[in-house]
Amino acid sequence: MLTRTLSSAALVASLALPGFALDLNNMTDEERQIFREEVRAYLMDNPQVIMDAVQVLEERQVAAQAQADLSLVSDNADDIFNDGFSYVGGNPDGDITLVEFLDYRCGFCKRAHVEVAKLLETDGNIRLIVKEFPILGEQSLLASRFTIATKQIAGDEAYKSMSDAVMEMSGEVSVRSLRRMASTFGLDADAIEAHMDSEEVTNEIRKTRALAQRLQITGTPTFVLQDELLRGFLPFDEMQALVDEKRG
């Protein structure tokens with residue numbers, strides 16, 4: 001145990017002795033103050049140590065989150081990849097599956113839309129699953145209800161046209177603007193509007209929200225690439241690199 005009269009120099013020297021064990025709980029107030037001053041002096045002389053420690057902490061946190069996400073995907077795989085209602089596009093028989101949780105009012109989703117389209121066109125062997133996850137207010141919910149109703153009433157091809165158009169539109173989302181857009185594709189806007197508040201549409205949104213909650217998804221866009229959760233926007237080159245990595 002350290003003695004009350006141990007000097008600063010003696011304390012530092014003692015720390016270097018073989019077999020020395022520092023008992024912080026049994027230090028005197030004087031020894032504790034000396035220890036703190038020496039630690040502070042060392043850190044002031046070697047500030048990079050702090051940055052190194054922060055980096056190690058961040059790396060451990062990222063690794064822990066990645067491992068936790070793998071478990072989340074594995075535990076919810078059936079609802080992620082085979083829910084029976086989400087739109088499936090790209091190459092339905094592709095060797096890689098990319099799932100996107102999106103919100104039509106999300107600026108980063110609009111940017112990601114272009115990048116994902118480029119990835120599907122360039123690669124040609126990716127199965128895309130779209131999960132409607134409206135979290136940015138009433139206009140987001142309105143847009144999702146209308147596009148989901150389009151899918152349920154008119155099928156996947158009509159949904160793809162409407163979904164792309166809504167994602168690319170600027171300005172306020174309203175039933176009037178959505179009806180006008182549907183009419184340009186030759187769709188029955190009356191039937192879609194009548195269906196958009198149905199229990200079938202509500203259930204699809206409810207199930208996707210419940211899945212997102214289990215996956216701890218709080219923002220859009222969020223992707224699931226095979227077994228990996230990717231939170232946030234990714235440019236084309238990063239997505240392609242991840243796809244290539246998944247293929248080995």
Side-chain angles (χ1 to χ4, degrees), residues 79-136 139-171 173-196 198 200-205 207-209 211-212 220-225 230 233-234 236 239-240 243:
D79 288 334
I80 295 171
F81 302 110
N82 303 290
D83 62 16
F85 58 79
S86 292
Y87 168 79
V88 179
N91 181 352
D93 298 318
D95 66 334
I96 295 292
T97 297
L98 177 68
V99 183
E100 180 179 8
F101 289 77
L102 58 79
D103 182 310
Y104 292 109
R105 299 292 288 170
C106 165
F108 282 106
C109 291
K110 292 180 181 296
R111 290 176 58 189
H113 183 70
V114 177
E115 305 298 285
V116 171
K118 182 178 178 181
L119 179 67
L120 298 181
E121 180 180 357
T122 302
D123 190 286
N125 202 23
I126 295 177
R127 174 179 178 239
L128 174 69
I129 300 176
V130 176
K131 304 249 185 218
E132 303 255 354
F133 186 41
I135 56 174
L136 296 177
Q139 291 187 45
S140 294
L141 182 58
L142 179 64
S144 281
R145 283 191 171 279
F146 199 93
T147 54
I148 292 171
T150 299
K151 173 165 58 68
Q152 294 182 357
I153 292 292
D156 285 349
E157 186 175 342
Y159 170 83
K160 176 68 165 60
S161 297
M162 274 299 300
S163 179
D164 287 349
V166 175
M167 185 60 76
E168 293 165 4
M169 75 180 292
S170 57
V173 175
S174 65
V175 172
R176 181 178 180 180
S177 64
L178 293 169
R179 284 179 57 93
R180 185 167 58 247
M181 192 176 294
S183 297
T184 65
F185 296 117
L187 302 174
D188 187 342
D190 289 336
I192 295 171
E193 182 180 354
H195 187 67
M196 62 187 293
S198 67
E200 292 88 346
V201 171
T202 299
N203 277 338
E204 184 169 327
I205 293 174
K207 288 178 181 179
T208 299
R209 283 177 170 168
L211 173 61
T220 55
T222 296
F223 300 93
V224 179
L225 180 61
L230 306 171
F233 169 80
L234 289 174
F236 162 77
M239 286 193 290
Q240 185 65 72
V243 168

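In this chain, residues are counted from 1 in sequence order.
Between atom OG of residue Ser174 and atom CZ of residue Arg176 there is a gap of 7.5 Å, rounded to the nearest 0.5 Å. Going from atom CZ of Arg105 over to atom CE of Met169 covers 7.5 Å, rounded to the nearest 0.5 Å. A distance of 12.0 Å separates CD in Glu100 from CG in Leu225, rounded to the nearest 0.5 Å. Atoms CZ and CD, on Arg179 and Glu193 in that order, are 5.0 Å from each other to the nearest 0.5 Å. Taken from CG in Leu120 to CG in Leu128, the straight-line distance is 5.5 Å, to the nearest 0.5 Å. Distance check: Leu141 CG to Tyr104 OH gives 12.0 Å after rounding to the nearest 0.5 Å.
Under a cut-off of 6.0 angstrom, the local environment of CD in Glu157 is sparse, with at most 12 non-hydrogen atoms contributed by other residues, nucleotides or ligands. By the neighbour-count criterion of 12 heavy atoms within 6.0 Å, atom CZ of Phe236 is densely surrounded, having more than that number from other residues, nucleotides or ligands.
Taking every heavy atom of both residues into account, Gln152 and Ser198 meet most closely at OE1-OG, 4.4 Å. Listed here is the closest heavy atom pair of Gly124 and Asn91: O-ND2, 3.3 Å. Counting all heavy atoms, side chain and backbone alike, Pro221 lies closest to Cys109 at N-SG, 3.5 Å. Met162 and Leu178 get closest at one heavy-atom pair: CE-O, 4.1 Å. Shortest non-hydrogen contact noted between Leu136 and Ser140 is CB-OG, 3.3 Å.
Within the 4.5 Å cutoff, the side chain of Asp164 has heavy atoms near those of the His113 side chain. No side-chain heavy atom of Thr150 sits less than 4.5 Å from a side-chain heavy atom of Phe185. With a 4.5 Å cut-off on side-chain heavy atoms, Leu98 and Arg127 do not count as touching. Proximity of Phe223 to Val116: side-chain heavy atoms (C-beta onward) are separated by under 4.5 Å at one or more points. Side chains of Met181 and Phe146 form no contact here, defined as non-hydrogen atoms less than 4.5 Å apart. For the pair Leu211 and Ile80, the minimum side-chain heavy-atom distance is below 4.5 Å. At least one side-chain heavy atom of Val201 sits under 4.5 Å from a side-chain heavy atom of His195. Put simply, the side chain of Asn125 does not reach to within 4.5 Å of the side chain of Val243, judged on heavy atoms.
At least one donor-acceptor pair under 3.5 Å links the side chain of Lys151 to the backbone N or O of Phe85.
Applying the salt bridge (charged side-chain N to carboxylate O under 4.0 Å, His left out) test to every pair with at least one member in residues 114-126, sequence neighbours left out, gives these pairs: Asp123-Arg247. Under the side-chain hydrogen bond (donor to acceptor under 3.5 Å, both in side chains) criterion, the residue pairs touching residues 80-90 are Asp83-Ser86, Asp83-Lys131, Ser86-Lys131, with sequence neighbours excluded.
Among Val175, Ile148, Leu187, Thr147, the one residue that satisfies the side-chain contact (heavy atoms from CB on, under 4.5 Å) test with Ile192 is Leu187.
Residues meeting the side-chain contact (heavy atoms from CB on, under 4.5 Å) test with Ile135, sequence neighbours left out: Asp103, Phe133, Thr220.
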